[in-house]
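Whatever order the structure lists them in is the order used to number ligands and atoms, beginning at 1.
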Amino acid sequence: MLRLFLLLFVHFSVSLGGDCPNIRIRPSLSETCSGEGSFMNLVDSLIQDNFKIHNPCGRPHPRFIEVPDRSYDFIVVGAGSGGSVVASRLSENPKWKVLLVEAGEDEPVGSQIVGIGLNFQESSIDWNYQVFGSSDSEKILRYPRGKVLGGTSVLNGMMYMRGTKEDYEDWKDLGNTGWNHKNVLKYFKKSENNAEYENSYHGKGGMQHVERCPYTHPMVKDIFEAAVENGLEMNDLNAENQTGIMIAQFTQKNGVRRSSARSFLWPARDRPNLHIMVNSTVTKVLIKNKVAKGVKAITNKGNVFQIQAKKEVILSAGAIGSPHILLHSGVGPSKDLEDLGIEVHHNLPGVGENLQDHVLTRVNFMINQSDTNTLNWDTLKDYIINGNGPLSSRDLMVATAKIASPYSNGRADIQYYFYGSLVGCSKTGHPDELNTPGQKVLTMMPVMLRPKSKGYIKLKSSNPLDHPKIVGNYLQDPRDMEIILHGVKFAMTLGKPKALQKYNATLSREVPKGCEDFEFGSDDFMRCSIKAEYGSDNHQAGTCKMGPPNDPLAVVDPKLKVYGIDRLRVMDSSIMPNVIAGNTHATIQMIAEMGSDFVKEYWGY
Ligand SMILES: Cc1cc2nc3c(=O)[nH]c(=O)nc-3n(C[C@H](O)[C@H](O)[C@H](O)COP(=O)(O)OP(=O)(O)OC[C@H]3O[C@@H](n4cnc5c(N)ncnc54)[C@H](O)[C@@H]3O)c2cc1C
Ligand SMILES: *[C@@H]1O[C@H](CO)[C@@H](O)[C@H](O)[C@H]1NC(C)=O
Ligand SMILES: *[C@@H]1O[C@H](CO)[C@@H](O)[C@H](O)[C@H]1NC(C)=O
Ligand SMILES: *[C@@H]1O[C@H](CO)[C@@H](O)[C@H](O)[C@H]1NC(C)=O
Ligand SMILES: *[C@@H]1O[C@H](CO)[C@@H](O)[C@H](O)[C@H]1NC(C)=O
């Protein structure tokens, strides 16, 4: 009782609100954290009213509209990692009227807490796509995608990681003039406000705040030691040397998430020339004589609008959403569209093809460690008063490493995450509730960064509100399997050094179903385990790929304009010709920054 009193006291002394409406945006933490709600309800109301965490006076709701005007200069579809940047940059010109249409609603407050913000997967702000691992397997994966202002940057892991220099040189060599590393670096730096690094690789004063989490779990030091003993150097992996280990930076500040919406739309809240329609799904781009004329959208309440774009329509609906909208608009493989009775405006075979993603698997070590790194009164107090402690951080996930397998000519092609005792949801706030003292699991996750395997997206019906059929084709190319196998073996050696042996780390003896006949630890056993247990790292890309006119699968040209349809561009993860070798958010912001400049150049600003 005394603890509750203390916390409430602290709570009232920091929540000095203004006159701004404190809107409760669902889902709440008690809805997203399973279990009995009382403690989570309390957490929820403490942070709801904490202006350090979410400042309702900064939110973009003054720009929300229920009924759009008849026409705008630009219509941007989707307010995710990419679209928030595009709408923000284009509305910098007060003469351009910009409409941003987003299927979801404003960001909930709970997702702002760095330590538990990932719990919003599978909630009402997740599209919850399902994906077939391959066309001939039963395996079904979940693709979480944000359906919310800020898109997937509201429920992602926030790690700030760019692809390697060679990734962009590859894009250029494929015929995408202007996308060389030197040029894209300018745009990475334009977005970036890096609180820690000051050198030619990093930007200051940009709209996306980037810094390390305030709190570092003590075990991270041991993981570093083990990595260094295995030959990894400590490097900023977003700079000169692109292999090694680092404490990653995150798109957060003081333990509070900085989504693309918060970074790019909140500062635009006073611009009368920017309108935002939330709860509104675009069902098609209106096309006449091969020119994009506007969009058709339906609101949650069932109102349908046809809105005109005088200059351009820009799709930023993500790697699933953008090809999905194009197909319903009659832009895609004509045979598929005709089969569904969709009027074809342009035959573009690449729409929905070239789906690429990073595949990961788990290597589990049993360790002996009693750790109370969880969501309880003390960690909550530390977070609310100091913006520190486990709730401000991503646990062992703050460390990341990249290595080059023997298949990559020295280029980073495997990344590692580490996972141990992430702060979970809590029923009671009791410190021991989630942690049985003693044995725990330390997970190392190798991620395969340069997939040769490619999946696809196709429509299941002509109803634009139905989810499409998605097939990942993970590990279909045998080389992809050999790379991740290398990643698993290296993870096993990472567990050996003294630094981790002090926890008595031992490889888990679990045998996945179907792998019983293989000799434990043999290559074939590991291949079988990988097949049984792999997952997606949620870095889907490539489904509207950028390429030169002679590339039959190219959907957009190097200025991001859709082939065959005038006044229509795509700016999000779907335009990557090859998925970059790193986490995707920063690269998508770069794409949106560069694309916004193409538009400004074209229309003169
Ligand atoms: C669980 C998870 C963890 C991740 N961790 C990291 C990480 O640590 N670091 C990192 O860099 N990346 C991470 N990623 C990946 C990264 O977040 C995504 O690649 C990125 O956010 C995608 O950006 P986007 O602009 O392409 O699409 P999105 O951000 O998904 O934006 C698309 C937007 O369009 C809207 N939309 C879609 N269709 C329509 C329609 N028809 N009408 C209106 N609106 C529509 C959606 O609601 C959404 O808001 C993670 C992803 C997930 C799922
Ligand atoms: C990159 O690695 C090399 C070799 O280890 C080292 O000499 C150099 O200082 C590193 N560069 C940076 C910028 O860290
Ligand atoms: C969006 O829809 C949700 C759920 O239907 C509703 O609670 C919310 O008020 C709507 N927001 C706006 C701005 O219309
Ligand atoms: C590690 O913890 C487990 C479970 O508590 C225990 O059975 C085991 O004896 C411990 N191992 C060592 C070496 O202490
Ligand atoms: C690890 O194992 C040794 C030997 O069995 C034991 O003495 C030690 O207490 C164990 N350490 C932990 C952290 O359990």
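Given atom 41 (N) of ligand 1, the protein heavy atom at minimum distance is Val282 O, 3.0 Å. When hydrogens are left out, the protein atom nearest atom 50 (C) of ligand 1 is Asn156 CB, 3.3 Å; that is the closest non-hydrogen contact. When hydrogens are left out, the protein atom nearest atom 26 (O) of ligand 1 is Ser573 OG, 3.0 Å; that is the closest non-hydrogen contact. Looking from atom 27 (O) of ligand 1 to the surrounding protein, the closest heavy atom is Gly318 CA, 3.5 Å. Nearest protein heavy-atom contact of atom 10 (C) of ligand 2 is Asn241 ND2, 2.5 Å. Nearest protein heavy-atom neighbour of atom 13 (C) of ligand 2: Glu240 CB, 3.7 Å. In this structure, atom 5 (O) of ligand 2 lies nearest to the protein heavy atom Glu233 OE2, 2.7 Å.
For Leu465, the side chain to side chain contact (heavy atoms under 4.5 Å, CB included) partners at least two apart in sequence or on another chain are Thr281, Thr283, Ile298, Asn463.
Nearest residue to atom 2 (C) of ligand 1 from Asn538, Ile580, Ile588 is Asn538 (criterion: closest heavy atom). Between atom 35 (C) of ligand 1 and the options Arg142, His358, Glu102, His328, the minimum heavy-atom separation is to Glu102. Nearest to atom 46 (C) of ligand 1 by heavy-atom distance, out of Gly80, Gly104, Gly146, is Gly146. The residue from Gly78, Ser81, Gly151 that puts a heavy atom closest to atom 21 (O) of ligand 1 is Ser81.
Cation-pi check for Arg212 over Tyr197 is met; the charged atom lies under 6.0 angstrom from the ring centroid and within 45 degrees of its normal.
Any N or O atom pair closer than 3.5 Å counts here, and Asp572 shares no such pair with ligand 1. Residue Gly82 places at least one N or O, backbone or side chain, under 3.5 Å from an N or O of ligand 1. Residue-to-ligand polar distances place Val148 within reach of ligand 1: an N/O pair is separated by less than 3.5 Å. In terms of N/O distances under 3.5 Å, ligand 1 is approached by Met158. On a distance-only criterion, Thr152 and ligand 1 share at least one N/O pair closer than 3.5 Å. In terms of N/O distances under 3.5 Å, ligand 1 is not approached by Arg145. In terms of polar-atom proximity, Asp537 is not counted as a contact of ligand 1, lacking any N or O under 3.5 Å from an N or O of the ligand. For ligand 1, none of its N or O atoms has an N or O atom of Met161 under 3.5 Å away. For the pair Gly157 and ligand 1, the shortest N or O to N or O distance falls below 3.5 Å.
By the 4.0 Å N-to-carboxylate-O rule, Glu122 lies close enough to Arg142 to be salt-bridged with it. For the pair Glu211 and Lys253, the salt-bridge criterion is not met [side-chain N within less than 4.0 Å of a carboxylate O]. We find that Lys165 and Glu240 are joined by a salt bridge, their nearest charged nitrogen and carboxylate oxygen being less than 4.0 Å apart. Under the 4.0 Å criterion applied to side-chain N and carboxylate O atoms, Arg411 and Asp167 are assigned as salt-bridge partners. A salt bridge links Lys502 and Asp222; the closest N-O separation between the charged side-chain nitrogens and carboxylate oxygens is under 4.0 Å. Ion pair Arg262/Glu107 not flagged as a salt bridge, since none of the NZ, NE, NH1 or NH2 atoms sits closer than 4.0 Å to an Asp/Glu carboxylate oxygen.
Heavy atoms of Ser280 come nearer than 4.0 angstrom to ligand 1 in at least one pair. At least one heavy atom of Trp127 sits less than 4.0 Å from an atom of ligand 1. In this structure, Gln121 counts as a contact residue of ligand 1, since one of its heavy atoms falls inside 4.0 Å of the ligand.
Among all heavy-atom pairs drawn from Ala87 and Leu265, the shortest one is CB-CD2, 4.2 Å.
Evaluated for a side-chain hydrogen bond (donor to acceptor under 3.5 Å, both in side chains) with Gln208, the options Glu593, Gln589, Glu192 yield exactly one hit, Gln589.
With ring centers used as reference points, His275 lies under 6.0 Å from Tyr72. The distance between the ring centers of Phe188 and Tyr168 falls below 6.0 angstrom.
Residue Asn368 approaches ligand 5 through these ligand atoms, each under 4.0 Å from one of its heavy atoms: 12 (C), 13 (C), 14 (O). Each of the atoms 13 (C) of ligand 5 lies under 4.0 Å from some heavy atom of Lys502. Residue contact check: Asn235 has heavy atoms under 4.0 Å from atoms 14 (O) of ligand 2. The Asn504 neighbourhood of ligand 5 comprises atoms 1 (C), 2 (O), 3 (C), 8 (C), 10 (C), 11 (N), 12 (C), 14 (O), with distances under 4.0 Å to a heavy atom of that residue.
Residues Tyr187 and Asp597 have side chains that bring a donor and an acceptor to within less than 3.5 angstrom of each other. No side-chain donor-acceptor contact under 3.5 Å links Asn128 and Gln130. Side chain to side chain, Tyr143 and Asp126 fail the donor-acceptor criterion of an N or O pair below 3.5 Å.
Under the 4.0 angstrom criterion, atom 7 (O) of ligand 2 counts as lacking any protein heavy-atom contact.
Here the side chains of Asn368 and Tyr503 are not in contact, with every heavy-atom distance at 4.5 Å or above.
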